[in-house]
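Numbering of ligands and ligand atoms starts at 1, following listing order.
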Amino acid sequence: RGVRPPPTRIAIIGAGIGGTSAAYFVRQKFGNNVPIDVFEKGDVGGRLATVEIEGNEYEAGGAVIHPLNLHMKKFVEELGLSARPPTSSLVGIYNGKEFVFEESSWFIINLIKMVWYHGLNFPRMYMWVEEMLDKFMRVYRYQTSDYSFTSVEAMLNALGGNEFLQRLNKTVDETMQQAGFSQKFIDEMVTPVMRVNYGQGVQINGFVGAVSLAGTDSGLWAVNGGNKVVCTGLLYASKANLIKGTVTSVEEKIRPLRTGEGSVHLYQVNYNTDSGESYSQYDIIIVATPLNSGMSGIRFPFSVPAVKNPYHQTVATFVKGKINRSFFGCPEPCSLQLTEILTMDDPNLFFSSIGVVTPVKVKTDQPLRDSANDPVWKVFSPEPLTEQQLGLLFTSHGAVKSKTWLAYPNYHPPERVPPVVLNERIYYISSIEIAASAMEMSALSAKNVALLAHHQWYENTDKIDQEDLNEKIKSEL
Ligand SMILES: CC(C)=CCC/C(C)=C/CC/C(C)=C/CSC[C@H](N)C(=O)O
């Protein structure tokens, strides 16, 4: 049997972090001669977007990266970009009436407060998250050795066995209660973290809950110039062809071979651009945009399971102004120095968090915070803020800009996980988001899909869905 020729053309739908990292990994795997088309109806970067306020740009979507997110780290290094540390903040937790926790600028005071209010819940939480993170890190070894998975479940199982799989079936509330965390700690500390990171409380699944808690680790960072520059960089490095258009449908086409013997099965991507309707044909299609209702609207010649639920709406509103400290129970003159206010679950609260943000570009000649000027605050809320609500949160304000996102899945365990393989040679990167939506999750799903597409094309089955991978890899070393 001869070696199969490479695919004639590969399509990637979506130029967010999933789609652009797929272009990068597909180029690595399939070589320089395969044409890659990337379709994008909006801006390159997708949900990694910025908002401009008075000449500065601020992260409006995916904002933070964990120090152990190795794909994002490598992209930044290889693209010659640089990291920007997040601004230090003083965090307060607000229950709708008063603060249940106020961070101090003194480490020792925070330590005493934490132990006083929550006993050993804090250190235990860090250990709990670190244990999961340790297992999660196995993915990098698997991928470096070219192993791939045909489903999110198979990947999670290879990383953390049944424990990881079970995280998708229970809420983070149940999971943490069963692990012995106090309900007071879950309500006062865990819920606010879920609300700021995923706009939802502790009813989200235990896996995304742990990822969200990893987002409280120290050393988080972002990309200097904006996280979206990783996407433009990856697209450029992959030498893919960007098609600015909306994909409307994918059709299957059977073309008889010229020799008269047999036929080839191709996929036709139909799309609209400013110059009208068009189509192109491909051997492989990678879908890197959520197919959930109200999102992409692409029609396929088959049904896609588990993508019925719409994504969760989150509005990011940027306000340059003076926060109304008396709204938070501290009438002027008020010594409240908090720069990040997270909230507990309270049906009367119209926002989930409010915090000071700094521009995405590090300017050496400008202090990160400038006391002469009002800071820019980012407010997360489920609905756009009304004038009246802005008036409650700010005593005075200048520029206001907002961005409404369908940001991440509505998490409702037990989760129905969408497939990674939608059909023969059609792959779905965004299925990973039901486990957890984060930049690194999309990047690793993209690498998995690039490996899987390559192995399936060249019928390399010994690199797909291998059992006991952790042990197998150890014996290979
Ligand atoms: C399994 C565990 C504990 C971690 C996996 C590693 C990982 C993906 C860490 C990401 C942590 C992080 C930066 C969380 C922030 S939440 C995502 C947020 N919505 C955003 O994208 O900004």
Side-chain angles (χ1 to χ4, degrees), residues 16-18 21 45-50 58-73 83-86 125-140 143 152 155-161 163-168 172 175-176 179 190 192-200 204-223 226-228 230-231 311-314 316 340 342 352-353 355 357 360 378 380 403 405-411 430 432-448:
I17 186 64
S21 35
R47 282 169 282 164
L48 307 189
T50 53
Y58 299 86
E59 291 292 357
V64 284
I65 306 168
H66 193 276
L68 292 175
N69 286 171
L70 302 189
H71 285 311
M72 290 303 293
K73 214 169 148 186
R84 175 176 70 91
M125 179 190 86
Y126 286 113
M127 276 159 27
W128 188 73
V129 172
E130 204 182 296
E131 212 177 285
M132 273 186 81
L133 192 55
D134 263 1
K135 292 184 179 154
F136 174 85
M137 300 298 287
R138 292 174 180 167
V139 77
Y140 301 110
Q143 293 194 334
V152 172
M155 181 190 281
L156 291 184
N157 188 44
L159 296 176
E163 180 204 331
F164 268 29
L165 286 174
Q166 283 315 311
R167 295 272 189 263
L168 299 185
V172 65
T175 315
M176 291 188 78
V190 180
V193 176
M194 303 303 129
R195 283 167 62 83
V196 67
N197 281 331
Y198 291 101
Q200 301 155 75
I204 68 177
N205 76 62
F207 190 85
V208 65
V211 169
S212 178
L213 289 175
T216 64
D217 280 351
S218 57
L220 296 184
W221 57 284
V223 181
N227 295 328
K228 66 180 179 187
V230 173
C231 301
Y311 263 32
H312 190 88
Q313 175 173 291
T314 284
E340 178 78 49
L342 309 185
S352 44
S353 67
V357 285
V360 297
K378 175 156 77 172
F380 279 131
K403 180 97 191 140
W405 293 111
L406 287 174
Y408 16 65
N410 259 314
Y411 292 106
S430 314
I432 197 86
E433 291 192 44
I434 199 68
S437 174
M439 283 175 252
E440 185 70 6
M441 297 301 286
S442 297
L444 72 87
S445 181
K447 176 135 190 188
N448 179 56

**Pair Thr314-Tyr408, side-chain donor/acceptor within less than 3.5 Å** = yes
**Prompt:** Is the backbone N or O of Gly161 less than 3.5 Å from a side-chain atom of Lys135, with the two atoms forming a donor-acceptor pair by type?
**Reply:** no
**Fill in**
Looking only at protein heavy atoms, what sits closest to atom 4 (C) of ligand 1 is Leu133 CD1, 3.5 Å
**Request:** If the plane angle is over 60° it's perpendicular, under 30° parallel, otherwise tilted; pick one for Phe136 and Phe207.
**Result:** tilted
**Request:** Measure the spacing between CE of Met137 and CD of Glu130 and express it to the nearest 0.5 Å.
**Result:** 11.0 Å
**Item:** Heavy-atom side-chain contact between Lys378 and Tyr58 under 4.5 Å
**Value:** no
**Request:** Do me a favour and list the nearest non-hydrogen protein atom to atom 13 (C) of ligand 1 with residue, atom name and distance?
**Result:** Val64 O, 3.4 Å
**Complete:** Nearest heavy-atom approach of Ser437 to Arg47 is OG-NH1, 4.2 Å
**Prompt:** Any chance the rings of Tyr140 and His71 have centres within less than 6.0 Å?
**Reply:** yes
**Request:** May I ask whether Ala63 has any heavy atom positioned less than 4.0 angstrom from an atom of ligand 1?
**Result:** yes
**Prompt:** Starting from atom 3 (C) of ligand 1, which protein heavy atom do you reach first, and at what distance in Å?
**Reply:** Ala210 O, 3.8 Å
**Message:** Starting from atom 17 (C) of ligand 1, what is the nearest protein heavy atom, named by residue and atom, and what distance separates them?
**Reply:** Tyr198 OH, 3.4 Å
**Item:** Shortest reach to atom 11 (C) of ligand 1 by a heavy atom, considering only Val211, Ile65, Thr314, Val193
**Value:** Val211
**Asked** Can you check whether Asn197 has an N/O within less than 3.5 Å of an N/O in ligand 1?
**Response** yes
**Message:** Give the atom numbers and elements of ligand 1 that come within less than 4.0 Å of a heavy atom of Phe136.
**Reply:** 1 (C), 5 (C), 6 (C)
**Prompt:** With a cut-off of 4.0 Å, which atoms of ligand 1 are near a heavy atom of Asn69?
**Reply:** 6 (C), 7 (C), 8 (C), 9 (C), 10 (C)
**Item:** Nearest protein heavy atom with distance in Å, relative to atom 21 (O) of ligand 1
**Value:** Gly62 CA, 3.7 Å
**Prompt:** Are the side chain of Trp221 and the backbone of His66 linked by a donor-acceptor contact shorter than 3.5 Å?
**Reply:** yes
**Fill in**
among protein heavy atoms, the one nearest atom 12 (C) of ligand 1 is Gly215 CA, 3.8 Å
